[in-house]
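Working notes for the structure below.
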Amino acid sequence: MLSGSPTQGMFSNSRIGNSESPNSGASSSFTQPIVDMSENDETELLSITWNQDYRCFAAGTNHGFRIYNCKPCKETFRRDMKVGGFKIVEMLFHCNILALVGAVTNSHYPPNKVLIWDDYQSRSMCEFTFRSEVRGVKLRRDRIAVVLEHKIYVYSFTDLKLLHEIETLANPRGLCCLSHHSNTFVLVCPGLNKGQVRVEHFGLNVTKLISAHDSQIACFTLTLDGLLLATASITGTLIRIFNTMDGTQLQEVRRGADRAEINSIAFSPNVQWLAASSDKGTVHVFSLRVRVSGEDSLTQPNVAQGPALFHQNSSTSLDPLISTNTGANPNSTFSFMRDGRS
């Protein structure tokens, strides 16, 4: 069982909806029992998602979901249910709160519902019902972001009020990222134009639009403080790193010369490395020359980001320190290729 919830006691066992929900009050409570499945039952993997600090990951299956620790790598617990599987299982750090979205075969929770589940109390805390399929859910300690194909809804985690509605280009992948530091609230999502990324600095009430690629966005990721952004397009040849405060490109690395579908991108905790996986069956790891420092770097080191990266308050200016070499990543195998598709 996961540890106690930091939000325990904030919610009643309620149901909520929004403007997209024609029958928001008609959804039923989570009454189907959790059951142990037979060893002979075939389990199909539907999704894998990391928690916010990458120390755990959740697997959605056709029977329910499972939670794993990374170090050591082992299953922590599982929940197998008669109602069917979950295509999205989103964790909230190491607490017992999960966001669940049912698979098509789930008889009780269809893909247009988001269930906020308290596994410690084995109960539904609330539900969000929409008219279209939910493509993604992102959590931070104070916000819930629900991603539909053309819109993102952002709710308060304390009172479940709708705070923001964001229009996007068609987003079937459910692309969305949130920062996770308490004093920075950054959301990244596709913009309204092909290859464009929208960055919302909610704490500063600033919106930044970045023309990241010529082709449609396929994948992106943020650092934990939300100050650095890495993006890739459906071409899959180049990955670009941006300053989210002013939208400037800080570095570009090349994954390869052939078209590839990039499935995920991740910064290392100290932002010294960037890893990208693709449908080519490979993982590329690049050395980064991006460093971030700020006015409070001497007095407020960011332990979560490691000793090489200091905490930067979003209200201060971002000061990226990069090497004088502005060409391709010298540590990339393909650094000799300078011109290519985006």
Side-chain angles (χ1 to χ4, degrees), residues 48 50 54 169-177 179 186 188-191 193-199 208-293 305-306 308-309 318-342:
I48 292 180
W50 298 92
Y54 300 102
L169 195 67
N171 185 17
R173 299 169 183 256
L175 300 178
C176 181
C177 280
S179 64
V186 182
V188 175
C189 63
N193 298 315
K194 182 176 66 174
Q196 186 184 72
V197 177
R198 176 170 177 165
V199 180
K208 180 64 64 174
L209 299 176
I210 301 174
S211 297
H213 299 272
D214 295 330
S215 304
Q216 185 177 344
I217 300 295
C219 190
F220 51 66
T221 190
L222 280 171
T223 51
L224 291 179
D225 57 13
L227 299 181
L228 295 179
L229 167 70
T231 68
S233 74
I234 57 174
T235 304
T237 55
L238 299 174
I239 300 172
R240 291 172 176 150
I241 296 92
F242 296 92
N243 170 346
T244 65
M245 292 293 290
D246 59 18
T248 57
Q249 181 178 315
L250 303 178
Q251 191 174 352
E252 178 182 282
V253 297
R254 179 176 284 277
R255 191 215 60 84
D258 297 330
R259 189 184 185 97
E261 182 177 345
I262 295 183
N263 301 314
S264 64
I265 312 173
F267 287 102
S268 66
N270 58 11
V271 198
Q272 291 181 342
W273 309 96
L274 181 76
S277 65
S278 72
D279 63 347
K280 299 294 186 181
T282 59
V283 175
H284 286 64
V285 180
F286 303 92
S287 174
L288 297 181
R289 59 178 180 271
V290 175
R291 296 291 179 270
V292 180
S293 62
Q305 290 282 58
L309 181 66
L318 181 68
D319 181 22
L321 304 177
I322 63 176
S323 69
T324 56
N325 176 17
T326 58
N329 185 347
N331 291 335
S332 169
T333 305
F334 301 96
S335 59
F336 63 93
M337 300 180 182
R338 300 300 174 91
D339 298 321
R341 298 162 294 175
S342 61

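The shortest heavy-atom contact between His284 and Arg255 is NE2-O, 2.9 Å. The minimum heavy-atom distance linking Ser264 with Ser277 is given by the pair OG-OG, 2.7 Å. In plain terms, the two heavy atoms of Ile217 and Gly195 that are nearest each other are CD1-O, 3.6 Å. Scanning both residues, Asp258 and Thr237, for their nearest heavy atoms gives O-CG2, 3.7 Å.
Shown are Ile234, Asn171, Thr235; of these, the side chain to side chain contact (heavy atoms under 4.5 Å, CB included) with Gln216 is made only by Ile234.
With sequence neighbours left out, the side chain to side chain donor-acceptor pair (under 3.5 Å) criterion links Arg198 to Glu200. Among residues two or more places apart in sequence or in another chain, the side chain to side chain contact (heavy atoms under 4.5 Å, CB included) test is passed with Thr231 by Val197, Ala212, His213, Phe220, Leu229, Arg240, Phe242. Considering only residues two or more places apart in sequence or on other chains, Thr221 meets the side chain to side chain donor-acceptor pair (under 3.5 Å) condition with none of them. In this structure, the side chain to side chain contact (heavy atoms under 4.5 Å, CB included) partners of Ala275, at least two apart in sequence or on a different chain, are Val283, Val285. Applying the side chain to side chain donor-acceptor pair (under 3.5 Å) criterion to Thr282, with sequence neighbours excluded, gives no partner residue.
Here Glu261 contributes atom CD and Ser278 contributes atom OG; the two are 9.0 Å apart, rounded to the nearest 0.5 Å. To the nearest 0.5 angstrom, Asn270 atom CG is 12.0 Å from Thr223 atom OG1. A distance of 4.0 Å separates OG1 in Thr248 from CG in Asn243, rounded to the nearest 0.5 Å. If you take CG on Leu175 and SG on Cys189, they are separated by 9.5 Å, rounding to the nearest 0.5 Å. Distance OG/Ser179 to CG/Leu222: 7.0 Å, rounded to 0.5 Å. Note that the CG atom of Leu169 and the NZ atom of Lys194 stand 9.5 Å from one another [nearest 0.5 Å].
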Assess the residue pair Thr244 and Lys208 against the criterion (side-chain contact (heavy atoms from CB on, under 4.5 Å)); give the C-alpha distance rounded to whole Å, side-chain angles, the decisive distance to 0.1 Å, and a yes or no.
CA-CA 7 Å; Thr244 65; Lys208 180 64 64 174; over 6 Å; no

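Contacts classified as salt bridge (charged side-chain N to carboxylate O under 4.0 Å, His left out) and involving residues 265-286 (residues at least two apart or in different chains) are not found.
At a threshold of 4.5 Å between non-hydrogen side-chain atoms, the residues Gln272 and Leu288 do not count as touching.
Without hydrogens or angle criteria, Gln196 side chain to Leu209 main chain gives no donor-acceptor distance under 3.5 Å.
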